[in-house]
Amino acid sequence: MTVLRVFKWTFINKHFIITLLLGMLAGFMAAYFLLSPPEYVWQALSDPHTSGQLEGLSGPVNDPGSHGSDEFFHRMENSSVADHLAQQVRVLCWVMTGPNNHQSKAKHVKNTWGKRCNVLLFMSSENDSSLPAIALPVKEGRNNLWAKTKEAFKHVYNHYFDQADWFLKADDDTYVVLENLRYMLMNHVPSEPIYYGCRFKPYVKQGYMSGGAGYVLSKEALKRFVEVGIHNKSICRQDADGSEDVEMGKCMEGVHVDAGDSRDALGRGRFFPFVPEHHLIPGHVSKDFWYWKYIYYESKEGMDCCSDNAVSFHYVSPNQMYVLEYLIYHLRPYGISYHVDMPITKQQQAVKTDGTV
């Protein structure tokens with residue numbers, strides 16, 4: 001009888017303690033959100049700084065549709081220059097994703113900016129013909145991003161090397177303006193050993209490119225990475241672990257691929273590791289934030305932060321993909337137009353009379 005009472009008392013005590021702890025945890029979380037400044041909570045939702053803040057967000061269930069090219073304002077457009085560059089500066093885009101994100105994120109990349117790539121691929125651990133997603137022999141998880149990046153570039157090199165001049169890596173929460181990327185690249189030739197992105201300064205002597213903002217390798221850079229770097233343990237990290245963008249930076253430096261300056265003529269950035277609000281609003285983020293310590297070049301706040309030919313933004317939610325798509329490609333202020341001459345790319349300039357480069 002005594003043993004039974006002790007057992008019951010112990011069970012009740014454990015049950016009580018567990019309930020108490022859960023109640024305290026729930027109360028703390030409720031107090032945190034209630035007492036935190038509203039703008040702080042909203043900032044975490046509207047201006048995310050980590051992939052975790054985007055977890056659980058999915059895009060529209062119903063297709064938002066599109067504007068027809070025969071609509072009044074679109075009839076006044078002339079896309080001949082952009083169309084010309086799309087043929088002269090061929091960009092393959094491969095997007096880092098995973099099975100859980102195929103429909104919640106990757107699909108919305110395909111429906112928006114991804115359709116302007118010359119070749120669009122999604123790199124995952126499972127095949128998905130609707131994207132298409134390619135199953136790489138790598139497990140999912142943050143600790144495998146470097147391994148996934150190596151396998152993705154190997155796949156691109158082995159199967160698509162001749163179908164593009166430049167090779168862009170982006171995440172499934174990155175938004176890219178392909179026309180501006182091609183404009184930036186038109187003054188370079190794919191035979192240059194160079195890559196571009198949002199340049200950070202620690203860990204690598206010449207700096208490295210932020211993975212989230214996306215980075216683009218020239219054909220020569222891709223060739224050196226796969227043929228010389230990947231399997232050389234004295235140049236590139238051989239295991240799966242490590243920060244993907246830092247390890248890529250070390251590898252690029254090891255195979256003598258230059259970290260390019262992607263800023264425009266006014267010194268304004270083109271690749272951004274956060275959504276526009278983070279960069280455009282002065283004082284929005286404390287100067288103690290890690291970004292200010294990492295950025296390679298001086299970065300200003302406000303409208304002077306960003307080039308009129310910005311290329312990419314990171315931590316873009318699925319819904320915001322469509323918002324940016326509308327603002328960039330459909331919203332037009334009445335009465336403003338501009339003329340752009342057909343460009344001659346550096347690659348065309350370098351072509352000799354016998355047809356060789």
Sidechain-backbone polar pair: E301 side chain, G283 backbone, donor-acceptor under 3.5 Å: yes
Between D245 and S243: side-chain donor-acceptor atoms closer than 3.5 Å: no
Residue pairs fulfilling disulfide (SG to SG under 2.5 Å) with at least one residue in residues 294-349, sequence neighbours excluded: none
Gap separating the CE atom of M184 from the CZ atom of R263, nearest 0.5 angstrom: 12.5 Å
Nearest atoms (heavy-atom pairs only) where L131 meets A106: CD1-CB, 3.9 Å
Whether Y291 and F200 hold their rings parallel, tilted or perpendicular, with breakpoints at 30° and 60°: perpendicular
Minimum-distance pair of heavy atoms, taken over all atoms of V156 and F167: CG1-CD2, 3.5 Å
Charged N-O contact under 4.0 Å between K115 and E325: yes
Side chain N180, main chain A310, donor-acceptor under 3.5 Å: yes
F289/F274 aromatic ring centres below 6.0 Å: yes
Salt bridge flag under 4.0 Å for residues K219 and D165: no
Residues that C236 engages under disulfide (SG to SG under 2.5 Å), provided they are two or more places apart: C251
H84 to P343 - nearest heavy-atom pair and separation: NE2-O, 3.5 Å
Pairwise side-chain contact, E77 with Y329, heavy-atom cut-off 4.5 Å (strictly under): no
K223, NZ: over 12 other non-hydrogen atoms inside 6.0 angstrom: no
Flag, side chain of K110 to backbone of S130, donor-acceptor distance under 3.5 Å: yes
Side chain K148, main chain T97, donor-acceptor under 3.5 Å: yes
Spatial distance of atom NZ (K287) from atom NZ (K293) [nearest 0.5 Å]: 10.5 Å
Within-4.5 Å side-chain heavy-atom neighbours: Q88 and R182: no
Hydrophobic cluster membership, M76 vs Y334, 4.5 Å side-chain cutoff: yes
Test item: N127 side-chain N/O and A135 main-chain N/O as donor-acceptor pair under 3.5 Å: yes
Residues in ring-ring contact (aromatic ring centres under 6.0 Å, His included) contact with H102, at least two apart in sequence or another chain: none
Reported OG-to-CG distance for the pair S79 and L85, which is rounded to 0.5 angstrom: 11.5 Å
Residue list, ring-ring contact (aromatic ring centres under 6.0 Å, His included) with F161, at least two apart or on another chain: Y157
Carboxylate-amine/guanidinium proximity below 4.0 Å for K154 and E151: yes
Under the ring-ring contact (aromatic ring centres under 6.0 Å, His included) test, residues paired with F313 that sit two or more places apart: F272
N158 atom CG, neighbour heavy-atom count above 12 within 6.0 Å: yes
R224 side chain vs V257 backbone, donor-acceptor pair below 3.5 Å: no
Which atom of V91 lies closest to which atom of N118, heavy atoms considered: N-OD1, 2.7 Å
Side-chain (E244) to main-chain (L145) donor-acceptor, under 3.5 angstrom: no
Within-4.5 Å side-chain heavy-atom neighbours: S210 and H314: no
With sequence neighbours excluded, residues passing salt bridge (Lys or Arg N to Asp or Glu O under 4.0 Å) with E126: none
Nearest non-hydrogen partners of D171 and M96, listed with the distance: OD1-CB, 3.7 Å
Full working for side-chain contact (heavy atoms from CB on, under 4.5 Å) between E179 and R116: CA-CA 8 Å; E179 293 86 352; R116 300 179 185 95; 3.3 Å; yes
Qualifying disulfide (SG to SG under 2.5 Å) pairs with a residue from residues 69-167, counting only residues at least two apart or across chains: C93-C117
Non-hydrogen side-chain atoms of E277 and I281 separated by less than 4.5 Å: yes
Qualifying residues under ring-ring contact (aromatic ring centres under 6.0 Å, His included), relative to F271, sequence neighbours excluded: none
Set of residues satisfying side chain to side chain contact (heavy atoms under 4.5 Å, CB included) with respect to D264, sequence neighbours excluded: L266, R268, R270, S307
Close side-chain approach of I134 to W94, heavy-atom, < 4.5 Å: no
Aromatic plane relationship, Y160 with H155 - under 30° parallel, 30 to 60° tilted, over 60° perpendicular: tilted
Under 3.5 Å donor-acceptor, N232 side chain and S234 backbone: yes
Spacing of T112 atom OG1 and Y175 atom OH [to the nearest 0.5 Å]: 5.5 Å
Plane angle bin for Y294 and W290 - parallel if under 30°, tilted between 30 and 60°, otherwise perpendicular: perpendicular
Separation between OG of S299 and CG of D304, rounded to the nearest 0.5 Å: 9.5 Å
Hydrophobic cluster partners of Y297 (side-chain heavy atoms under 4.5 Å): Y296
Within 6.0 angstrom of I344 CD1, more than 12 heavy atoms from elsewhere: no
K150 (side chain) donor-acceptor with D239 (main chain) under 3.5 angstrom: yes
Polar contact flag, side-chain donor to acceptor under 3.5 angstrom, N78-S80: yes
H188 and Y196 side chains, donor-acceptor separation under 3.5 Å: yes
Within-4.5 Å side-chain heavy-atom neighbours: C198 and S262: no
E140 and S125 side chains, donor-acceptor separation under 3.5 Å: yes
Pairs satisfying ring-ring contact (aromatic ring centres under 6.0 Å, His included), at least one member in residues 228-262, at least two apart: none
Shared-cluster residues of Y338, by chain and number - hydrophobic side chains joined below 4.5 Å: V81, V340, M342
Rounded distance [0.5 Å steps], NZ in K250 versus CZ in R237: 7.5 Å
side-chain contact (heavy atoms from CB on, under 4.5 Å) between Y326 and H67, intermediate numbers included: CA-CA 9 Å; Y326 167 71; H67 290 192; 4.2 Å; yes
For H108, the option from F122, Y322, W113 that meets ring-ring contact (aromatic ring centres under 6.0 Å, His included): Y322
Backbone of S317 reached by a side-chain donor or acceptor of Q320 within 3.5 Å: no
Over all atoms of both residues, closest heavy-atom pair of A133 and S124: CB-CB, 4.2 Å
